[in-house]
Amino acid sequence: MSYKYIKFEVEDHVALITVNRPKALNALNSDTLREIEKAVEDIASDDSIYIMVFTGEGKSFVAGADIGEMKGFTAEEARRFAKLGHQVFNRISSLCKPSIAAINGYALGGGCELALACDIRIASNKVRMGQPEVGLGITPGFGATKRLVEVVGQAKAKELIFTGEYLNAEEALKIGLVNKVVDMDELMPVTMKMAQTMASKAQLALRYSKLAIEQSIYADHQTASHIETSAFALCFANEDQKEGMSAFLEKRNPDFKCK
Ligand code: DAK
């Protein structure tokens, strides 16, 4: 499939999805969401892709859902639009392959929610992040009332959603909304270096780790212990565990094979 609103590139096991509507600051319309969904499905089914990275073209990561498209929605159309956004973002967060948001600029509303759907958020020093929806007469629609609370806690999430105020990079870092802040020209090199570090590890172990974390978030301690025990035991059913441990004992780099 050729894409109109995103760029999709793969190099060294890492897929890079760049939202590419710079004239609208990469606002997410339905077609862009569908293209992201298609790209994520391709990533899911391609064994040679280990890690996915999201970024935005130009000065914005994603400046939100497309206000022009949403303005005339009926309640039913709004429901369908929100459902599409949830479907795409849930697919990103639940896919066992790790995701990194390389946040280059505005990450507002649906843009902040796209970043929140990713496992790791790396911000440039130029970012502005927030949930301005109440200023438009709507609630967040693509997951912030849940994921923002999980990431920064209820008090900060409520403050951001109720005031609609934007955070700069240092403020986002301080509340744990992003993992790290780097200079703009370092954003992609730092992101790709982290992606390559992940890609160099045993991929099944990495995916089991992600699944165990995701499944344990809402589980009680006993259930979480069972989940982790099973994930750990499963690693011994694939050859990468033997290779990783042999390599350590033989003082050489491991050559992982499992995809
Ligand atoms: N949608 C559509 N177009 C947008 C846009 C957006 N979110 N953000 C920017 N643009 C467009 C502008 O209209 C402008 O287009 P032209 O006038 O050139 O045709 C172009 O991008 C450049 O924008 P500006 O001229 O405004 O650029 P500035 O540098 O002056 O300002 C800004 C940058 C990011 C501060 C400003 O553009 C801005 O405030 N943008 C809107 C940010 C925002 O409010 N984002 C949240 C959107 S609401 C739901 C489903 C989903 C959602 C909620 C509910 N349900 C169905 C329940 C999600 C909601 C959102 O994400």
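Position 1 is the first residue of the sequence; numbering continues from there. First listed ligand is number 1; within each ligand, the first listed atom is number 1.
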**Student:** What residue and atom, counting heavy atoms only, is the protein's closest point to atom 58 (C) of ligand 1, and at what distance?
**Tutor:**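 I find the closest protein heavy atom is Ala65 CB, 3.5 Å.
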**Student:** Would you say ligand 1 has an N or O under 3.5 Å from any N or O of Phe142?
**Tutor:**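 There is no such contact.
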**Student:** Carefully, step by step, assess Phe73 and Phe81 under the rule ring pair (Phe, Tyr, Trp, His ring centres under 6.0 Å).
**Tutor:** CA-CA 9 Å; Phe73 277 171; Phe81 187 60; 5.3 Å; yes
**Student:** Give me the nearest non-hydrogen protein atom to atom 36 (C) of ligand 1 as residue plus atom name, then the distance to 0.1 Å.
**Tutor:**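 Of every protein heavy atom, Leu25 CD1, 4.4 Å lies nearest to atom 36 (C) of ligand 1.
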**Student:** So, regarding Gly68 and ligand 1 (criterion: nitrogen or oxygen to nitrogen or oxygen, under 3.5 Å), is there a contact or not?
**Tutor:**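 No: no nitrogen or oxygen of Gly68 is under 3.5 Å from one in ligand 1.
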**Student:** Decide whether an N or O pair under 3.5 Å exists between Lys59 and ligand 1.
**Tutor:**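 Among all N and O atoms of Lys59, at least one is under 3.5 Å from an N or O of ligand 1.
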**Student:** Heavy atoms of the protein only: does one fall short of 4.0 Å from atom 12 (C) of ligand 1?
**Tutor:**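 When distances to the protein are checked, atom 12 (C) of ligand 1 has no heavy atom within 4.0 Å.
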**Student:** Could you tell me whether atom 25 (O) of ligand 1 has a protein heavy atom closer than 4.0 Å?
**Tutor:**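 Protein heavy atom within 4.0 Å of atom 25 (O) of ligand 1: absent.
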**Student:** Out of Lys23, Glu133, Arg21, whose heavy atom sits nearest atom 15 (O) of ligand 1?
**Tutor:**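 Minimum heavy-atom distance to atom 15 (O) of ligand 1 goes to Lys23.
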**Student:** Side chain or backbone of Pro132 under 4.0 Å from ligand 1, or both, or neither, by non-hydrogen atoms?
**Tutor:**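 The answer is the side chain of Pro132.
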**Student:** Out of Ala24, Ala82, Ala63, who is nearest to atom 7 (N) of ligand 1 when you count heavy atoms only?
**Tutor:**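 Nearest option to atom 7 (N) of ligand 1, by heavy atoms: Ala63.
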**Student:** What atoms of ligand 1 come within less than 4.0 Å of a heavy atom belonging to Gly141?
**Tutor:**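 Contacts of ligand 1 toward Gly141, numbered from 1: 49 (C), 50 (C), 51 (C), 52 (C), 53 (C), 54 (C).
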**Student:** Kindly confirm or rule out a cation-pi arrangement of Arg128 over Tyr166, judged by NZ or CZ under 6.0 Å from the six-membered ring centre and within 45° of its axis?
**Tutor:**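 Here Arg128 fails the 6.0 Å and 45° test against Tyr166.
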**Student:** Strictly under 4.0 Å, does any heavy atom of Thr139 approach an atom of ligand 1?
**Tutor:**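 Checking ligand 1 against Thr139, which is what was asked, there is a heavy-atom contact under 4.0 Å.
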**Student:** Evaluate the 4.0 Å heavy atom contact test for atom 19 (O) of ligand 1: does a protein atom fall under the cut-off?
**Tutor:**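 It does not: no protein heavy atom is found less than 4.0 Å away from atom 19 (O) of ligand 1.
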**Student:** Is Gly110 in polar range of ligand 1, meaning some N or O pair under 3.5 Å apart?
**Tutor:**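 Yes; the residue has a nitrogen or oxygen that sits under 3.5 Å from a nitrogen or oxygen of the ligand.
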**Student:** Report the C-alpha separation of Met129 and Leu108 in whole Å, then their side-chain angles, then the decisive distance to 0.1 Å, and conclude whether the side-chain contact (heavy atoms from CB on, under 4.5 Å) test is met.
**Tutor:** CA-CA 5 Å; Met129 299 183 73; Leu108 305 174; 5.6 Å; no
**Student:** If I compare all heavy atoms of Leu33 with all of Val88, which pair ends up nearest, and what's the gap?
**Tutor:**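 Looks like O-CG2, 3.6 Å.
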**Student:** Closest non-hydrogen protein atom to atom 48 (S) of ligand 1, residue and atom name please, with distance?
**Tutor:**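 Answer, as residue, atom name and distance: Leu136 CD1, 3.5 Å.
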